[in-house]
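Naming: A, B, ... by sequence-line order, numbering from 1 per chain.
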Protein chains: 2
Amino acid sequence: MVTIKEIAELANVSRGTVDRVIHERGNYSEATEKKVREVLKKVDYKPNIIARSLVLKKHITFGVFLPEPHQDEKYWELPEQGIKKAEKELEMYKVKIVYFHCNKNSKVSFKKCFDKILKKKSKLDGLLIAPAMLEFTRKEFIKKIPDEIPYVFFDSYVPNSKCISYIGQNSVQSGSLSAKLMKLLIREQGTVSIIRMVPKDYHIDDRIKSFSASFKKNKKIKIKVYEINGTTFNKLLKNVFDENPDLKGIFVPSAGAGRIAEYIKSKKIKRNVRIIGYDLTTRNKSFLSKGTIDFLLSQRPEIQGYEGIMTLFRHVVLKEKVKKEQIIPIDILTKENLKNY
Amino acid sequence: MVTIKEIAELANVSRGTVDRVIHERGNYSEATEKKVREVLKKVDYKPNIIARSLVLKKHITFGVFLPEPHQDEKYWELPEQGIKKAEKELEMYKVKIVYFHCNKNSKVSFKKCFDKILKKKSKLDGLLIAPAMLEFTRKEFIKKIPDEIPYVFFDSYVPNSKCISYIGQNSVQSGSLSAKLMKLLIREQGTVSIIRMVPKDYHIDDRIKSFSASFKKNKKIKIKVYEINGTTFNKLLKNVFDENPDLKGIFVPSAGAGRIAEYIKSKKIKRNVRIIGYDLTTRNKSFLSKGTIDFLLSQRPEIQGYEGIMTLFRHVVLKEKVKKEQIIPIDILTKENLKNY
DNA sequence: AATATAAACGTGCTCGTGCACATTTTTTTA
DNA sequence: TAAAAAAATGTGCACGAGCACGTTTATATT
């Protein structure tokens, strides 16, 4: 490991000058800059972050922009757990995290929230964004982020943006995986209904599309999509069960499978319906272990949050090159392997 | 964050004295020790490892005792990857790792290897042990480890030892999970054979036992256990296929599923046999993506290695309390979710 | 009691970096 | 050309912990 002192000696200048060049603080001539940069390149200087964070007075601040934790069946608690874990680990490097929670269903709250980010006096050193309102994020938010603030997406993704990385999931893959599992679960003829409880979300779209596509050639099973749209949850569920006497399975492409399991339990429905859902919310876990839900898929939202912050850290603090895309593997959860998760 | 300087002031002594008490370096009276320890406890002092690793001259050295990477179908490469990842991350904290590879099937190599550890001049600050030869480790190795060297087990486990932690897997759970998946795969009557390719390993025993037990009540499927014992692999496989015209599935409780898939490919066997195996070795991955293998289970050996080193680090360097048992979740891998692993 | 010895405690330097301030060199202005 | 202003460069301290060495007390020895 080469130190600033050694570089100073090699370039025949003082430590301060090397420091100024490295941080582009000005007050050096072109000639010395060239000299120093050459040495810097030659020895492939990497700052000792240990020493740096020891001396640093001000904090590195990362902003996190994501929906309120309780939304989507408390789904958003999960990435936040990972973010908190990263926060704790990076505390000693003087990294601080500021949370900006918004109501993902209210444009007003969304706008307010991101106005808060833009108007923050003490500047942010990076942003982690879950672009829940995708269209809005794409059209307005992204463009207004100052150029000098690097940002990372997780959960969803705005194409053609200048984000330094995207931590995400492969929804097409997870849809076809769900279909495979559903086929294994259902041996007889019958109907499988897809229950959509979240509006406007391209992950959900992809999961549904890919799930349905896998059943195209399958003549034994009929796929029917239900949406919570202008009706209540209870009425919808009643319809699903009433309209399909041969209902064999339910696929919930969002975190809401537990709600359906709860409906089945409360209405004391005794029909043998297989359920595949997403995400390890508390309720989902409970019904998975009881056997009401057969499979849960998860693309580790806590890891997504964790890696999001870590990616910002690697880029901003360590100045390392980060991967443009980091796809989290899909986990399959059953009653049998739920323990220890 | 409280510093040594502040503690010194609170206890009315100098920084040096606090330092001596913390590291039990002697040269302090009982009275001052008590005084300092009280303050230490009161403020819940946590040393700043940033400052420490900056000033530390000597390295912290952890020894890793595990089978040669190529053994067990290259299974042992996997935990080593995780260990290497931890090594890289901890480099800046002046942590170094020394590898002691042994041939897990040779008692002589085993003995030689652990003699090397015990006779090492520069003392080790911790040990990560994969007790492949369980009996031997239990009876001889453990007892000879000096009391001051903390050790962590991974992969397997010696009961009633003084290890600070065990990173491991739940083989009983994974056995019954395999059985569940096998039941989903096989709808008709037939035979499922378990092929045992690894001798003397209680993980394998547990997987087999638990898998078999799950089929006890199942009258449609017959379970038959085959062992590579006194015969060659090819002869064994020939027997499996010849003796069971109704063979529907093969369960490989070790990393050897790929070898069986290769046999099927090379002999051009066209029978529809479902295969469930363990571990993401290169060959296994390749046959999983081709569809020859239906499911692979994995208890992330790379995470086990990684967490093993991290646990030693947390205990030795950070002086944190570590969990006595850390069970790694069971992953289910299929063609559909293999990508991005 | 005076000296020797050991136990107890304090001080100062080190690690590599960031930053404020001091100093030197160059350029501009009167 | 001397003085003032600006640009360029150098220096010293801080961060928190570890450790060597120096200094002060307490105990043992003559």
Checklist entry - Quick check, are the ring centers of A/F154 and A/Y306 under 6.0 angstrom apart? => result no
Checklist entry - For A/L312 and A/L128, which heavy atoms make the closest approach, and how far apart are they? => result CD1-N, 3.9 Å
Item to check | A/V13/A/Y28 under side chain to side chain contact (heavy atoms under 4.5 Å, CB included): CA gap, chis, key distance, verdict | outcome: CA-CA 11 Å; A/V13 290; A/Y28 46 81; over 6 Å; no
Checklist entry - Taking five pairs at each end, how big is the angle between the two axes of the helix from C/dA1-D/dT30 to C/dA30-D/dT1, to 10°? => result 60°
Item to check | Side-chain donor/acceptor of B/Q299 to backbone N/O of B/N170, under 3.5 Å | outcome: yes
Next on the checklist: I need the CG-P distance between A/L54 and D/dC13, as an integer number of Å.
Outcome noted: 17 Å
Checklist entry - What nucleic acid atoms does A/R20 come within less than 4.0 Å of, heavy atoms only: base, sugar-phosphate, or nothing? => result base
Checklist entry - When you measure from the centre of the six-membered ring of A/Y99, is the NZ or CZ of A/K84 under 6.0 Å away and within 45° of the axis? => result yes
Checklist entry - Rounded to the Å, how far apart are B/K58 NZ and D/dA17 P? => result 16 Å
Checklist entry - What's the CD-P distance between B/E9 and D/dG16, to the nearest Å? => result 12 Å
Item to check | Pairing residues for A/S161 by the side chain to side chain contact (heavy atoms under 4.5 Å, CB included) criterion, not counting sequence neighbours | outcome: A/I142, A/Y151, A/F153, A/V158, A/C163
Item to check | Mutual orientation of the aromatic rings belonging to B/F65 and B/F110 [parallel < 30°, tilted 30-60°, perpendicular > 60°] | outcome: perpendicular
Checklist entry - Counting side-chain heavy atoms from CB outward, which of D/dA14, D/dG18, D/dG10 is closest to A/T17? => result D/dG10
Checklist entry - So with a 6.0 Å cut-off around NZ of B/K324, is the heavy-atom count from everything else above 12? => result yes
Checklist entry - Where does the chain B footprint on DNA chain C start and end, counting 5' to 3' with a 4.0 Å heavy-atom cut-off? => result C/dA8 to C/dG16
Checklist entry - B/K57 NZ to D/dA17 C1': how many Å, rounded? => result 12 Å
Item to check | Nearest listed nucleotide, side chain of A/V55, among D/dG16, D/dG18, D/dA14 | outcome: D/dA14
Checklist outcome for this item: Here the distance between atom P of D/dA14 and atom CG of A/D19, to the nearest Å, is 18 Å
Next on the checklist: In whole Å, I'd like the distance from the OH atom of B/Y93 to the C1' atom of D/dG18.
Outcome noted: 17 Å
Next on the checklist: When you measure from the side-chain N and O atoms of A/R15 to the phosphate of D/dT11, is any distance below 4.0 Å, counting only OP1 and OP2?
Outcome noted: no
Checklist entry - So A/M92 and B/I49, side chain to side chain contact (heavy atoms under 4.5 Å, CB included) or not? Walk me through it. => result CA-CA 8 Å; A/M92 54 180 171; B/I49 54 156; 3.5 Å; yes
Item to check | Integer-rounded Å distance: D/dA17 P and B/I22 CD1 | outcome: 8 Å
Next on the checklist: Could you report the tightest heavy-atom contact between A/K35 and A/A11, atom names first, then the distance?
Outcome noted: CE-O, 3.4 Å
Item to check | Residues within residues 27-48 of chain A bordering DNA chain C, heavy-atom distance below 4.0 Å | outcome: A/Y45, A/P47, A/N48
Next on the checklist: Holding to side chain to side chain contact (heavy atoms under 4.5 Å, CB included), I want the full list of residues that pass it with B/T311, two or more places apart in sequence or in another chain.
Outcome noted: B/V152, B/S165, B/I167, B/R314, B/V322, B/Q326
Next on the checklist: I need the NE2-P distance between B/H23 and D/dC19, as an integer number of Å.
Outcome noted: 7 Å
Next on the checklist: Suppose we screen for side chain to side chain contact (heavy atoms under 4.5 Å, CB included). Which residues come up paired with A/R15, at least two apart in sequence or across chains?
Outcome noted: A/I4, A/K5, A/A8
